[in-house]
Amino acid sequence: MSKRYLTRRQLRERYGGIADVTVRRWIDSGRIDEPLRIANRDYFDEAKLDATDRRHAAEYQRARENPAKRAPRPRKEQEASRES
């Protein structure tokens with residue numbers, strides 16, 4: 001089976017029309033892998049993107065199932081209104 005690659009435009013469409021800047025930020029932060037560069041064009045491995053999507057979905061699901069143990073402290077305005 002041959003690998004399928006997405007162009008930068010196809011990648012942006014895949015994620016709902018995100019901006020080029022967002023793609024660069026995701027690459028810089030490690031959210032998606034560096035693209036294969038051929039003739040000054042970027043190509044993203046679709047199988048790696050699928051694996052990354054599955055990993056992020058699993059992390060999100062774990063975070064939803066195990067919320068933070070402690071709620072953030074209320075703001076001072078909220079404390080004052082509660083005392084009244």
**Prompt:** Less than 4.5 Å apart, any side-chain heavy atom of Pro35 and any of Phe44?
**Reply:** yes
**Complete:** One should read off an interatomic distance between Glu13 CD and Leu6 CG, to the nearest 0.5 angstrom, of 10.0 Å
**Message:** With side chain to side chain contact (heavy atoms under 4.5 Å, CB included) as the criterion, how do Tyr5 and Asp45 come out once you've worked through the C-alpha distance, each side chain's angles and the decisive distance to 0.1 Å?
**Reply:** CA-CA 5 Å; Tyr5 291 93; Asp45 185 348; 3.9 Å; yes
**Flag, side chain of Gln10 to backbone of Thr7, donor-acceptor distance under 3.5 Å** = yes
**Fill in**
The reported gap from CG in Leu11 to CD in Glu46 (rounded to nearest 0.5 angstrom) is 10.0 Å
**Prompt:** Quick one: does Arg8's side chain get under 4.5 Å of Arg41's, heavy atoms only?
**Reply:** no
**Message:** Test: salt bridge (Lys or Arg N to Asp or Glu O under 4.0 Å). Region: residues 50-61. Which pairs qualify, not counting sequence neighbours?
**Reply:** Arg14-Asp50, Arg14-Asp53, Arg55-Glu59
**Results of side chain to side chain donor-acceptor pair (under 3.5 Å) for Arg37 - residues two or more places apart only** = Asn40, Asp42
Would you give me the side-chain donor-acceptor pairs under 3.5 Å for residues 17-27, sequence neighbours excluded?
unit_1: Asp20; atom_1: OD1; unit_2: Arg12; atom_2: NH1; d: 3.2
unit_1: Arg24; atom_1: NH1; unit_2: Asp28; atom_2: OD1; d: 3.2

